[in-house]
**Student:** 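A single structure is presented below for examination.
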Amino acid sequence: MTEVAYSIVEINDGKVFVLQAPRAKRFNPLKEISLGSMAISHICDEDVSHEPPHTDFRLPSSVEYLIGHNIDFDMQVLKNAGVTHEPKSICTNAMANYLLPTLESHKLVSLLYHFHRDIARAQAKNAHAAIADIYFTELVLISLIDLANSQGHEISDVKSLYEFSEIARVPTHLSFGKHKGEAIADLAASSEGTGYLKWLLKQDSVDLYLAQACQQALDLV
(Lines give C-alpha, C1' and ligand atoms only; values in the text may rest on other atoms or scores of the structure.)
Protein backbone atom coordinates (compact mmCIF):
# COMPACT_ATOMS: atom_id res chain seq x y z
CA MET A 1 0.00 0.00 0.00
CA THR A 2 1.55 3.28 -1.15
CA GLU A 3 -1.34 5.71 -0.76
CA VAL A 4 -4.61 5.91 1.13
CA ALA A 5 -7.37 8.35 0.23
CA TYR A 6 -10.80 8.75 1.73
CA SER A 7 -13.77 11.02 2.03
CA ILE A 8 -16.64 11.05 4.52
CA VAL A 9 -20.14 11.05 3.08
CA GLU A 10 -23.67 10.81 4.39
CA ILE A 11 -26.64 9.29 2.57
CA ASN A 12 -29.89 11.03 3.37
CA ASP A 13 -33.18 10.73 1.49
CA GLY A 14 -31.34 9.07 -1.40
CA LYS A 15 -28.85 11.93 -1.76
CA VAL A 16 -25.10 11.85 -1.15
CA PHE A 17 -23.70 14.62 1.02
CA VAL A 18 -19.95 15.08 1.34
CA LEU A 19 -19.10 15.78 4.98
CA GLN A 20 -15.35 15.83 4.41
CA ALA A 21 -13.57 16.46 1.13
CA PRO A 22 -11.16 13.76 -0.11
CA ARG A 23 -7.84 13.50 1.69
CA ALA A 24 -4.80 11.39 0.87
CA LYS A 25 -1.71 10.14 2.66
CA ARG A 26 1.21 8.19 1.23
CA PHE A 27 2.93 5.27 2.94
CA ASN A 28 6.06 3.21 2.46
CA PRO A 29 5.00 -0.32 1.45
CA LEU A 30 8.25 -1.73 2.88
CA LYS A 31 8.99 -3.51 -0.37
CA GLU A 32 9.96 -2.59 -3.90
CA ILE A 33 7.07 -1.15 -5.89
CA SER A 34 6.40 -3.20 -9.02
CA LEU A 35 6.58 -1.65 -12.46
CA GLY A 36 2.93 -2.51 -12.98
CA SER A 37 1.95 -0.58 -9.86
CA MET A 38 4.09 2.37 -10.93
CA ALA A 39 2.38 2.41 -14.30
CA ILE A 40 -1.01 2.65 -12.59
CA SER A 41 -0.33 5.00 -9.67
CA HIS A 42 2.77 6.82 -10.96
CA ILE A 43 4.21 6.45 -7.45
CA CYS A 44 7.84 5.30 -7.39
CA ASP A 45 9.99 3.93 -4.57
CA GLU A 46 11.76 7.26 -4.08
CA ASP A 47 8.41 9.02 -3.65
CA VAL A 48 7.60 7.08 -0.48
CA SER A 49 11.02 6.19 0.90
CA HIS A 50 10.65 8.73 3.73
CA GLU A 51 6.96 8.11 4.38
CA PRO A 52 5.75 6.11 7.41
CA PRO A 53 5.41 2.34 6.91
CA HIS A 54 2.04 1.15 5.65
CA THR A 55 1.66 -0.90 8.82
CA ASP A 56 1.23 2.39 10.70
CA PHE A 57 -2.13 2.97 9.04
CA ARG A 58 -5.13 2.59 11.33
CA LEU A 59 -8.75 2.34 10.31
CA PRO A 60 -10.83 3.89 13.12
CA SER A 61 -13.14 1.44 14.84
CA SER A 62 -15.91 4.04 14.50
CA VAL A 63 -16.04 3.45 10.73
CA GLU A 64 -19.19 1.39 10.10
CA TYR A 65 -19.24 1.33 6.30
CA LEU A 66 -16.65 1.55 3.53
CA ILE A 67 -17.68 2.42 -0.03
CA GLY A 68 -15.42 1.73 -2.97
CA HIS A 69 -15.16 0.43 -6.51
CA ASN A 70 -13.99 -3.18 -6.10
CA ILE A 71 -14.05 -2.59 -2.36
CA ASP A 72 -12.97 -6.17 -1.62
CA PHE A 73 -9.61 -5.41 -3.23
CA ASP A 74 -9.25 -2.32 -1.04
CA MET A 75 -10.09 -4.34 2.05
CA GLN A 76 -7.45 -6.93 1.16
CA VAL A 77 -4.85 -4.17 0.78
CA LEU A 78 -5.78 -2.89 4.24
CA LYS A 79 -5.54 -6.39 5.70
CA ASN A 80 -2.09 -6.78 4.16
CA ALA A 81 -1.12 -3.63 6.06
CA GLY A 82 -2.29 -5.18 9.31
CA VAL A 83 -5.77 -3.63 9.57
CA THR A 84 -8.09 -5.91 11.52
CA HIS A 85 -11.24 -3.78 11.71
CA GLU A 86 -13.75 -4.89 9.06
CA PRO A 87 -16.58 -2.43 8.40
CA LYS A 88 -19.52 -3.35 6.19
CA SER A 89 -18.42 -3.02 2.56
CA ILE A 90 -20.42 -1.32 -0.19
CA CYS A 91 -19.22 -2.09 -3.72
CA THR A 92 -20.10 0.36 -6.51
CA ASN A 93 -18.71 -2.08 -9.08
CA ALA A 94 -21.24 -4.71 -8.01
CA MET A 95 -24.01 -2.11 -8.11
CA ALA A 96 -23.02 -1.05 -11.63
CA ASN A 97 -22.95 -4.64 -12.89
CA TYR A 98 -26.38 -5.27 -11.38
CA LEU A 99 -28.02 -2.10 -12.68
CA LEU A 100 -26.24 -1.97 -16.06
CA PRO A 101 -25.47 -5.64 -16.82
CA THR A 102 -24.93 -5.18 -20.55
CA LEU A 103 -22.73 -2.09 -20.35
CA GLU A 104 -19.49 -2.62 -22.25
CA SER A 105 -17.30 -1.88 -19.22
CA HIS A 106 -17.91 -1.37 -15.51
CA LYS A 107 -14.52 0.10 -14.70
CA LEU A 108 -14.65 3.30 -12.66
CA VAL A 109 -13.55 5.63 -15.46
CA SER A 110 -15.84 3.88 -17.95
CA LEU A 111 -18.76 4.57 -15.64
CA LEU A 112 -17.62 8.15 -15.26
CA TYR A 113 -17.76 8.52 -19.04
CA HIS A 114 -21.18 6.86 -19.07
CA PHE A 115 -22.71 9.12 -16.42
CA HIS A 116 -20.59 12.30 -16.51
CA ARG A 117 -18.88 12.57 -19.88
CA ASP A 118 -17.91 16.24 -19.58
CA ILE A 119 -16.21 15.66 -16.23
CA ALA A 120 -14.54 12.51 -17.56
CA ARG A 121 -13.17 14.32 -20.59
CA ALA A 122 -11.70 17.02 -18.38
CA GLN A 123 -10.44 14.95 -15.45
CA ALA A 124 -10.18 11.24 -16.32
CA LYS A 125 -6.48 11.71 -17.11
CA ASN A 126 -6.06 11.85 -13.32
CA ALA A 127 -7.52 8.35 -12.90
CA HIS A 128 -5.70 6.13 -10.40
CA ALA A 129 -4.55 9.15 -8.41
CA ALA A 130 -6.08 8.31 -5.05
CA ILE A 131 -7.93 11.58 -4.45
CA ALA A 132 -9.25 11.65 -8.03
CA ASP A 133 -10.58 8.11 -7.69
CA ILE A 134 -12.42 9.11 -4.50
CA TYR A 135 -14.07 11.99 -6.34
CA PHE A 136 -14.95 9.78 -9.32
CA THR A 137 -16.42 7.14 -7.02
CA GLU A 138 -18.60 9.74 -5.32
CA LEU A 139 -19.96 10.89 -8.69
CA VAL A 140 -20.62 7.34 -9.86
CA LEU A 141 -22.25 6.46 -6.53
CA ILE A 142 -24.65 9.40 -6.85
CA SER A 143 -25.64 8.27 -10.35
CA LEU A 144 -26.04 4.63 -9.32
CA ILE A 145 -28.32 5.54 -6.42
CA ASP A 146 -30.46 7.67 -8.74
CA LEU A 147 -30.58 4.84 -11.28
CA ALA A 148 -31.46 2.23 -8.66
CA ASN A 149 -34.28 4.34 -7.25
CA SER A 150 -35.61 5.02 -10.76
CA GLN A 151 -35.81 1.24 -11.26
CA GLY A 152 -37.95 0.78 -8.16
CA HIS A 153 -35.31 0.09 -5.55
CA GLU A 154 -35.48 2.13 -2.36
CA ILE A 155 -32.13 3.55 -1.32
CA SER A 156 -32.59 6.32 1.22
CA ASP A 157 -29.71 5.97 3.68
CA VAL A 158 -26.45 4.08 4.11
CA LYS A 159 -28.22 1.06 5.62
CA SER A 160 -30.47 0.62 2.57
CA LEU A 161 -27.49 1.33 0.30
CA TYR A 162 -25.56 -1.48 1.98
CA GLU A 163 -28.53 -3.84 1.68
CA PHE A 164 -28.84 -3.07 -2.03
CA SER A 165 -25.09 -3.54 -2.52
CA GLU A 166 -25.34 -6.98 -0.93
CA ILE A 167 -28.14 -7.93 -3.34
CA ALA A 168 -26.10 -6.58 -6.26
CA ARG A 169 -23.07 -8.65 -5.32
CA VAL A 170 -24.86 -11.76 -6.60
CA PRO A 171 -24.59 -11.14 -10.37
CA THR A 172 -27.41 -11.64 -12.84
CA HIS A 173 -25.13 -11.51 -15.91
CA LEU A 174 -21.59 -12.65 -16.65
CA SER A 175 -19.06 -9.83 -16.82
CA PHE A 176 -16.24 -11.71 -18.57
CA GLY A 177 -15.41 -14.52 -20.97
CA LYS A 178 -17.11 -15.68 -24.13
CA HIS A 179 -20.55 -15.25 -22.52
CA LYS A 180 -19.90 -11.72 -21.27
CA GLY A 181 -23.15 -9.75 -20.97
CA GLU A 182 -25.37 -12.84 -21.07
CA ALA A 183 -27.88 -13.54 -18.32
CA ILE A 184 -26.83 -16.40 -16.06
CA ALA A 185 -30.43 -17.66 -15.96
CA ASP A 186 -30.50 -17.84 -19.77
CA LEU A 187 -27.23 -19.76 -19.84
CA ALA A 188 -28.59 -22.28 -17.35
CA ALA A 189 -31.50 -22.94 -19.71
CA SER A 190 -29.26 -24.24 -22.53
CA SER A 191 -27.04 -27.31 -22.64
CA GLU A 192 -23.97 -25.32 -23.68
CA GLY A 193 -24.62 -22.68 -21.06
CA THR A 194 -25.18 -25.28 -18.36
CA GLY A 195 -21.85 -26.85 -19.19
CA TYR A 196 -20.11 -23.49 -18.99
CA LEU A 197 -21.65 -22.65 -15.61
CA LYS A 198 -20.68 -26.05 -14.23
CA TRP A 199 -17.15 -25.48 -15.51
CA LEU A 200 -17.03 -22.11 -13.77
CA LEU A 201 -18.07 -23.69 -10.50
CA LYS A 202 -15.09 -26.05 -10.66
CA GLN A 203 -12.59 -23.19 -10.90
CA ASP A 204 -10.70 -22.50 -7.67
CA SER A 205 -10.61 -18.78 -8.42
CA VAL A 206 -14.34 -18.33 -9.02
CA ASP A 207 -15.85 -15.45 -7.04
CA LEU A 208 -18.10 -16.69 -4.22
CA TYR A 209 -20.98 -14.46 -5.25
CA LEU A 210 -20.70 -15.60 -8.86
CA ALA A 211 -20.64 -19.21 -7.70
CA GLN A 212 -23.81 -18.55 -5.71
CA ALA A 213 -25.52 -17.05 -8.76
CA CYS A 214 -24.48 -19.95 -11.01
CA GLN A 215 -25.61 -22.59 -8.54
CA GLN A 216 -28.94 -20.87 -7.95
CA ALA A 217 -29.58 -20.67 -11.70
CA LEU A 218 -28.69 -24.33 -12.19
CA ASP A 219 -30.90 -25.41 -9.30
CA LEU A 220 -33.91 -23.73 -10.90
CA VAL A 221 -33.59 -25.64 -14.16
**Student:** Kindly give the cluster partners of Tyr113, where membership spreads through any ILVMFWY side chain lying under 4.5 Å from a current member.
**Tutor:**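 So far as hydrophobic clustering goes, Tyr113 is joined with Val109.
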**Student:** Going through the checks in order, is the side-chain hydrogen bond (donor to acceptor under 3.5 Å, both in side chains) test met by Glu138 and Ser7?
**Tutor:** CA-CA 9 Å; Glu138 287 175 354; Ser7 175; 2.7 Å; yes
**Student:** Test side-chain hydrogen bond (donor to acceptor under 3.5 Å, both in side chains) on Asp157 and Ser160 and set out the steps.
**Tutor:** CA-CA 6 Å; Asp157 54 19; Ser160 54; 2.8 Å; yes
**Student:** Name all pairs fulfilling the side chain to side chain donor-acceptor pair (under 3.5 Å) condition that reach into residues 46-65, sequence neighbours left out, sorted by first residue then second.
**Tutor:**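 Non-adjacent pairs meeting side chain to side chain donor-acceptor pair (under 3.5 Å): Lys25-Glu51.
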**Student:** What's the spacing between Ile134 CD1 and Leu139 CG if we round to 0.5 Å?
**Tutor:**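 One gets 11.5 Å once the value is rounded to the nearest 0.5 Å.
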**Student:** Tell me which donor-acceptor pairs under 3.5 Å the side chains of residues 71-80 have, and how far apart each pair is, sequence neighbours excluded?
**Tutor:**
unit_1, atom_1, unit_2, atom_2, d
Asp72, OD1, Arg169, NH1, 3.4
Asp72, OD1, Arg169, NH2, 3.1
Asp72, OD2, Arg169, NH1, 2.9
Gln76, NE2, Asn80, OD1, 3.0
Asn80, ND2, Gln76, O, 3.4

**Student:** Is it the case that the side chain of Ser156 and the backbone of Asp13 share a donor-acceptor pair, with hydrogens and angles ignored and the cut-off at 3.5 Å?
**Tutor:**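 Judged by distance alone, no pair lies under 3.5 Å.
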**Student:** Connecting only ILVMFWY residues whose side-chain heavy atoms lie within less than 4.5 Å of each other, what is the rest of Leu35's hydrophobic cluster?
**Tutor:**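 Cluster partners of Leu35: Ile33, Met38, Ile43, Val48.
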**Student:** Not counting sequence neighbours, list each pair that qualifies as a side chain to side chain donor-acceptor pair (under 3.5 Å) and has a residue in residues 190-213.
**Tutor:**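 Every candidate side chain to side chain donor-acceptor pair (under 3.5 Å) pair involving residues 190-213 fails, so no pair, neighbours aside, qualifies.
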**Student:** Please answer whether the main-chain N or O of Asp133 pairs with a side-chain N or O of Thr137 as donor and acceptor at a distance below 3.5 Å.
**Tutor:**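 Between the backbone of Asp133 and the side chain of Thr137 there is a qualifying donor-acceptor contact (under 3.5 Å).
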**Student:** Any chance the side chains of His173 and Thr102 put a donor and an acceptor closer than 3.5 Å?
**Tutor:**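 Thr102 and His173 do not have a side-chain donor-acceptor pair below 3.5 Å.
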**Student:** Not counting sequence neighbours, list each pair that qualifies as a salt bridge (charged side-chain N to carboxylate O under 4.0 Å, His left out) and has a residue in residues 88-116.
**Tutor:**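 For residues 88-116, and leaving out neighbouring residues, there are no salt bridge (charged side-chain N to carboxylate O under 4.0 Å, His left out) pairs at all.
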